[in-house]
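Hydrogens, waters and symmetry mates play no part in the numbers below; they use all other heavy atoms, side chains included. Naming: A, B, ... by sequence-line order, numbering from 1 per chain.
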Number of protein chains: 2
Amino acid sequence: MTSTRDQIIETTCNLLEMQGYHATGLNQIIKESSSPKGSLYYHFPGGKEELAVEAVRRVGDIVLERIQQNLALISGPAEAIRSFIMNIALNVERSGFRTGGPITTIALETASSSEALREECQRIYTAWQAAFVEKLRAGGISQDHAVDMSVMIIASIEGGVILCRTGRSRKPLEQVAQAIGEWVKHSL
Amino acid sequence: MTSTRDQIIETTCNLLEMQGYHATGLNQIIKESSSPKGSLYYHFPGGKEELAVEAVRRVGDIVLERIQQNLALISGPAEAIRSFIMNIALNVERSGFRTGGPITTIALETASSSEALREECQRIYTAWQAAFVEKLRAGGISQDHAVDMSVMIIASIEGGVILCRTGRSRKPLEQVAQAIGEWVKHSL
DNA sequence: GTCTATACACTGATAGAC
DNA sequence: GTCTATCAGTGTATAGAC
């Protein structure tokens, strides 16, 4: 069944987000997902790298949906994006600063060591960017301007997550949320 | 002599920036620094973690000086910061997208697994922030506002580096430089 | 498809000669 | 202070029974 496969992927998603790629061992994955090692290599013949690509793809798609749903809750782009970033801050805090930025660590770790993982991370960042572009365009911003702004938005969120986890505080992301909110509002 | 110790630290700085903490092994460090393992444990009895703390401290201090020097080159805060970020973009590209964000990967990897490394990274982020605050204050911005803005600046740079290395392009950091520059200018 | 046992390289770390 | 040899543990990956 796909259930075993799914459980391995889900466990991998969580461990990769908390620990990163190189700190997460296959032994830990099979232990926490209660799956024997034989099954892992049956479902993912490419081993750790193939499994990680699959995990990154899954968590990336889930987060994309979450972005779209959150941005749809509030009509104005500025307030919608500000509110979305505030939510991230709360979630990072709630996890005890152990999660947040589900693909950030993997992106950095594997950017120059695994082409497959780098490409998958790049694909996801592009998809996330498109979701912000769509929201900004709906607010009347031009395509080119919306693309530039979305890069800035994603960069400041990713960096904000790093500062929150390092400083054990939700404040950096709250400051980012406020700054981005006002900046987008002023650009409308 | 401190020469051996220094060479080990310098090599560790470079490897940590390119590969991260868990992907960098002590064997690689002693090999590339031409230092035997015995010397490593003589100079760093605390092993890998103590060595990494020392390396993070060193690269953090060097980058702090570079920030201060760069910001001093141009009198206006907006243009000075914009120019500084553009320089980072060029350096990331010049390295073949293998370096940039010297402590970013370590900060993420060790935020919830090594208190010593997390505290050192946090100390450095605070020092970098103070450098930007000073520059913004010199431009007439209030203390509170300058602190908030500096968090935003550092977050967007850190995130921008991630997007550049993942996408193998200097463009994200150029977009961040442009956006931050205009944003600071408008805040003056 | 599932599971166990195992191969083999490599990790961080240590002991002790020099 | 410097260097080599080596430890115990763990990493990814594989073979083969069921």
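- One interatomic measurement links the two molecules: NZ of A/K31 to C1' of D/dT10, which rounds to 13 Å at whole-angstrom precision.
- Rounded to a whole Å, the NZ atom of A/K37 is 13 Å from the P atom of C/dA5.
- Summarising the geometry, the separation between NE2 on A/H22 and P on C/dT11 is reported as 11 Å, rounded to the nearest angstrom.
- For the pair A/K48 and A/Y41, the cation-pi criterion (under 6.0 Å, within 45° of the ring axis) is not fulfilled.
- Taking the side chain of B/S39 as heavy atoms from C-beta on, and the options C/dA5, D/dT2, C/dG12, the nearest nucleotide is D/dT2.
- Look at CG on A/L51: it is 15 Å from P on D/dG11, rounded to the nearest Å.
- Side-chain contact between B/K185 and B/E79 is absent, with no heavy-atom pair separated by less than 4.5 Å.
- You'll find that the side chain of B/T4 is closest to D/dT2, out of D/dT2, D/dT14, C/dT2.
- No side-chain heavy atom of B/T12 sits less than 4.5 Å from a side-chain heavy atom of B/L15.
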Distances for protein N/O vs nucleotides 16-18 of chain D N/O pairs under 3.5 angstrom?
none

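- The interatomic distance linking A/K48 (NZ) with C/dC10 (P) rounds to 15 Å, in whole Å.
- The residue B/T24 sits close only to the backbone: its heavy atoms come under 4.0 Å of sugar-phosphate atoms, none of a base.
- Distance from the side chain of B/L26 is smallest for C/dA13 among the nucleotides C/dA13, D/dA13, D/dC3.
- The cluster map of Ile, Leu, Val, Met, Phe, Trp and Tyr, joined by side-chain heavy atoms under 4.5 Å apart, puts A/V53 and A/I8 in different clusters.
- Looking only at side-chain heavy atoms (C-beta outward), B/L51 and B/I29 come within less than 4.5 Å of each other.
- The CD-P distance, from B/Q28 to C/dC10, rounds to 12 Å in whole Å.
- Listed by chain and number, the residues in a side chain to side chain donor-acceptor pair (under 3.5 Å) with A/Q68 amount to none (sequence neighbours excluded).
- Counting to the nearest Å, the C1' atom of C/dC3 and the CZ atom of A/R5 are 19 Å from each other.
- If you check C/dA13, D/dT2, C/dT2 against the side chain of B/Y42, the one that comes closest is D/dT2.
- What separates CD1 of B/I30 from C1' of D/dA5 is a distance of 12 Å, to the nearest Å.
- Using a 4.5 Å heavy-atom cutoff, the side chains of A/M152 and B/Q178 are not in contact.
- At least one side-chain nitrogen or oxygen of A/H43 sits closer than 4.0 Å to the OP1 or OP2 atom of C/dT2.
- For A/N27, taking side-chain heavy atoms from C-beta onward, the closest of the listed nucleotides D/dT2, D/dG11, C/dG12 is D/dG11.
- Residue A/Y41 has no polar side-chain atom (N or O) positioned under 4.0 Å from OP1 or OP2 of D/dT14.
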